[in-house]
Amino acid sequence: MSNNEEVAPLDFIRQIVANDVSEGKHQGRVVTRFPPEPNGFLHIGHAKSICLNFGVASEYPGGQCNLRFDDTNPLKEEDLYIQSIRTDVKWLGFDWQEHMYYASDYFEPLYKFAERLIEDGHAFVCELNVEQMREYRGTLTEAGKESPWRNRPMAESLDLLRRMRAGEFPEGRYTLRAKIDMASPNINMRDPVIYRILHAHHHQTAGQWCIYPTYDYAHCISDALEGITHSLCTLEFEDHRPLYDWILDRLSGVLSCHPQQIEFSRLVLEYTVVSKRKLNALVRSGAVDGWDDPRMPTISGLRRRGYTPSAIREFCRRIGISKTPNNVELSLLESCIRDDLEQHAPRAMAVLNPLKVVITTVAEEHCAELSAANHPQNPALGSRKLYWMREIIIEREDFAENPPKQFKRLVPGGEVRLRHAYVIRCDEVIKDPASGEVVELRCSHDPATLHANPSDRKVKGVIHWLPLARSCPAEIRSYETLFNTANPDEEWQGDDFTRLLNPNSLQILSASRIEEGLQNLPPGTIYQFERQGYFCVDSKYSSPGKPVFNRTVGLRDSWGKQQNKES
RNA sequence: UGGGCCGUCGCCAAGCGGUAAGGCCCCGGAUUUUGAUUCCGGUAUCCCCAGGUUCGAAUCCUGGCGGCCCAGCCA
């Protein structure tokens, strides 16, 4: 180990954990949990939490991270989401081993503890309805009023709770509330509801229960029952920590563990929304093609787009963990996937928008094999054959009759190199007489330039190409951001988000052509199409012989940037 | 004059009283059969502001200012 190796600084949570371990707190154990509610698909914000929780646990011998479904609201949850969450966490590269749990696993002990809270005078059954409870709660600046049921005899509350469980009452008739302080400046402490009646089928417990614990009540106890040492959550739960601690303190006689809740700031990514409600609205409205639409910031969307687990993990590492607002630019995410794919993606050529070129110096039936390396820096990725023929295609935008300054591609009378092949000169431009559109180029090639540069002149540009007869059609889907504003979350009002949508977020190029060897690739296969970007075989629309590629991300484009600046 | 939290480069983020790490972005330049990659070099005399303590403050104290979260029987 070299002594000049930089040691990455620990974030504030890892500092706390390291400190606790060195002090022997929790017998030196580190147990965390990732606790999603199964009411939607996981997104990039969850990835941050997953990387933190599983990451911290993995950094200690015997460290453990549980996957726990926080399933206390049967109205919003579905088994479908449980499956997708498991898939996504695994795909990201994390392993909960045998530690997969449900908050609903604890419904029985949770209920027992509730009876105990009543017995100890810490909870009561309330008859206020929703509107009344809101009135009694007070406001941010005024204290609340105590419920008239607050001091009902303990035996009566106990009886009522048992009958609530037995299903004797309709929804909303009664609630169980913690007896804390209606004058607390922290609204969460104003006698919060901890059980409500819900005559609903639960995806795990079916019809077993008709009363369900609330998040605040269930979460802390679930943590304690699992022996969690550090309960990591986002900043909006900071105000709930006093309640978390209050409940565990009342139950300290029966619970031997009191986890420490620590909050960090949630991720906000430019040009996206990261709220299940809003993602759901996008899906329902048909603005996107499902939760896994490649424009979605969901894990499944990123996967379909071509993002790799390691790129997402690297992104989470780079954004860090802190309590300051984590407003991250898209360029950071893009740089993570480029860094990964630059090393690992084999190269190939694709012509997105073809322009026919006839090489007049090549005979009609001529077909010569050329060899092209699959990666310029990594010979281990091997090489493939290319075919040199009379009729080829190039990218339309690689030819210009009236080139802008600094244009290094093909111009009338000018030369350019064809990648992995020869230098060609444009001798003639053929246009459609009616429209004036360039329909074909006639070029001659210099046979001395296959693996050598001409000694008498300098050829600056290199463009990609394909032999027309030995290329295949492909559909290429190119994406821009889903929203036309960097802060769609802020500008999102009510349910009208359509004005925020970028009309160009999906462009389908159906006249594109690819190397013939790319015709039958399995879904998810990633290539770099040289000079263009990284592309991935779509898992939904691609079929053998009819490939569909998603553009994961473009290559850095200093030329395009320069053009934009000048226009 | 409700409570909680946060303010270090355009965006993240180290820093924990000894004189501003790093990444992304950006700008130069070199190499290049991807205008990619790689490689060099540049970019905060200053840490929200104002006072104070100290030999010394982004770090401590006081007072301001700005931002975020909370009034679901959601999580």
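Naming: A, B, ... by sequence-line order, numbering from 1 per chain.
- Residue A:Glu238 is the one, among A:Glu238 and A:Asn327, whose nearest nucleotide of RNA chain B lies closer to the 5' end (criterion: closest heavy atom).
- Comparing the C1' positions of B:A71 and B:G4 gives a spacing of 14 Å, expressed to the nearest Å.
- Note on A:Tyr174: nothing from the nucleic acid sits closer than 4.0 angstrom, heavy atoms only.
- With centroids closer than 5.5 Å and planes inclined by less than 30 degrees as the test, A:Tyr215 and the base of B:A75 fail to qualify as a stacked pair.
- Contact check for A:Arg196 versus A:Thr214: side-chain heavy atoms found under the 4.5 Å cut-off.
- Relative orientation of the A:Tyr106 and A:Tyr101 rings is tilted, given thresholds of 30° and 60° on the angle between their planes.
- Under the Watson-Crick or G-U wobble criterion, with both distances below 3.5 Å, B:G17 has no partner in any strand shown.
- For B:G4, the O4'-C1' to base torsion is more than 90° from 0; the nucleotide is therefore anti.
- If you check every strand for non-hydrogen atoms under 4.0 Å, A:Thr175 touches a base.
- Using a 4.0 Å heavy-atom criterion, one finds that A:Arg134 contacts the sugar-phosphate atoms exclusively.
- Across the P atoms, B:C25 and B:G17 are found 34 Å apart, a figure rounded to whole Å.
- If you take CG of A:Leu75 and P of B:C74, they are 8 Å apart, rounded to a whole angstrom.
- Within the 4.5 Å cutoff, the side chain of A:Phe69 has heavy atoms near those of the A:Pro36 side chain.
- Pair check for B:A71 finds none; no Watson-Crick or G-U wobble contact set falls under 3.5 Å.
- Residue order along RNA chain B, read from the 5' end via each residue's closest nucleotide, puts A:Ala421 first among A:Ala421 and A:Arg137.
- Closest to the side chain of A:Val193, out of B:A75, B:C73, B:C25, is B:C73.
- Taking side-chain N and O atoms only, A:Arg409 has no distance below 4.0 Å to OP1 or OP2 of B:G35.
- Remark: A:Thr139, A:Leu140, A:Thr141 in residues 138-148 of chain A come within less than 4.0 Å of RNA chain B through at least one heavy atom.
- Applying the 6.0 Å contact sphere to CD of A:Glu397 captures no more than 12 heavy atoms from other residues, nucleotides or ligands.
- B:U62 and B:C46 are spaced 26 Å apart, taking the P atom of each and rounding to whole Å.
- A gap of 15 Å separates the P atoms of B:C61 and B:U53, to the nearest Å.
- Residue A:Lys408 is in base contact, counting any heavy-atom pair closer than 4.0 Å across all strands shown.
- Here the nucleotide nearest the side chain of A:Arg196, chosen from B:U34, B:A13, B:C73, is B:C73.
- Distances shorter than 4.0 Å separate none of the side-chain N or O atoms of A:Arg556 from OP1 or OP2 on B:C24.
- Nucleotides B:G28 and B:G66 are separated by 36 Å at their C1' atoms, to the nearest Å.
- Taking atom P in both B:C70 and B:G64, the straight-line distance is 26 Å, to the nearest Å.
- Side chain of A:Ser322, nearest nucleotide from B:A13, B:A36, B:A75: B:A13.
- Between the side chain of A:Gln528 and the base of B:U34, at least one donor-acceptor pair of N or O atoms lies under 3.5 Å.
- When distances run from any side-chain atom of A:His240 to the nucleotides B:A75, B:G3, B:A14, the shortest one goes to B:A75.
- Across all strands, A:Val328 comes closer than 4.0 Å only to sugar-phosphate atoms, never to a base (heavy-atom distances).
- Separating the C1' atom of B:C47 from that of B:U38 is a span of 34 Å, rounded to the nearest Å.
- Partner of A:Asp191 under the side chain to side chain donor-acceptor pair (under 3.5 Å) criterion, chosen from A:Lys179, A:Arg177, A:Arg150: A:Arg150.
- In this structure, A:Arg317 does not reach the B:A13 phosphate: none of its side-chain N or O atoms is under 4.0 Å from OP1 or OP2.
- For A:Arg241, no side-chain nitrogen or oxygen approaches OP1 or OP2 of B:C5 to under 4.0 Å.
- Annotation: A:His219 is not in aromatic contact with A:Phe237 [ring centroid separation under 6.0 Å not met].
- Nucleic acid contact class of A:Gln15 (heavy atoms, under 4.0 Å, all strands): base.
- The phosphate of B:C26 has OP1 or OP2 within less than 4.0 Å of a side-chain N or O from A:Lys561.
- Regarding contacts with the backbone of B:C27, a side-chain N or O of A:Lys565 is found under 4.0 angstrom from either OP1 or OP2.
- For the pair A:Thr324 and B:A13, the criterion of a side-chain N or O lying under 4.0 Å from OP1 or OP2 is met.
- Side-chain atoms of A:Glu329 come within donor-acceptor range of the base of B:G10, with a qualifying N/O pair under 3.5 Å.
- Among the atoms of the strands shown, base atoms are found under 4.0 Å from some heavy atom of A:Arg417.
- When heavy atoms are screened at a 4.0 angstrom cut-off, A:Ile463 is found touching no nucleic acid atom at all.
- Residue A:Thr214 is classed as a sugar-phosphate contact, given heavy-atom separations below 4.0 Å to backbone atoms only.
- Taking side-chain N and O atoms only, A:Thr72 has a distance below 4.0 Å to OP1 or OP2 of B:A75.
- Contact annotation for A:His464: no contact, since no heavy-atom pair falls under 4.0 Å across all strands.
- Using a 4.0 Å heavy-atom criterion, one finds that A:Met349 contacts no nucleic acid atom at all.
- At the heavy-atom level, A:His451 lies under 4.0 Å from base atoms of the strands shown.
- Heavy atoms of A:Asp239 sit under 4.0 angstrom from at least one base atom.
- Across all strands shown, B:G66 forms a Watson-Crick or G-U wobble pair with B:C6, both key distances being under 3.5 Å.
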Residue pair A:Tyr527, A:Tyr534: steps toward the ring-ring contact (aromatic ring centres under 6.0 Å, His included) verdict: CA-CA 6 Å; A:Tyr527 269 86; A:Tyr534 298 97; over 10 Å; no
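- Contact check for A:Trp465 versus A:Trp388: side-chain heavy atoms found under the 4.5 Å cut-off.
- For the atom pair CZ (A:Arg165) and CG (A:Leu176), the distance works out to 13.5 Å, reported to the nearest 0.5 Å.
- B:A14 sits 14 Å from B:C9 when the C1' atoms are compared, rounded to a whole Å.
- Residues A:Phe529 and A:Phe549 bring their aromatic ring centres within 6.0 Å.
- Side-chain atoms of A:Glu37 lie closest to B:C74 of the nucleotides B:A36, B:C74, B:C69.
- Across all strands shown, B:G41 forms a Watson-Crick or G-U wobble pair with B:C27, both key distances being under 3.5 Å.
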### Task
Run the numbers on A:Gln261 and A:Glu263 for side chain to side chain donor-acceptor pair (under 3.5 Å), then give the verdict.
CA-CA 7 Å; A:Gln261 175 178 308; A:Glu263 311 85 9; 3.1 Å; yes
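- A:Ile321 comes within contact range of the sugar-phosphate backbone alone, with a heavy-atom separation under 4.0 Å but no base atom that close.
- Residue pairs meeting the ring pair (Phe, Tyr, Trp, His ring centres under 6.0 Å) criterion with at least one partner in residues 163-196 of chain A, sequence neighbours excluded, are A:Phe169-A:Tyr174, A:Tyr195-A:Tyr217.
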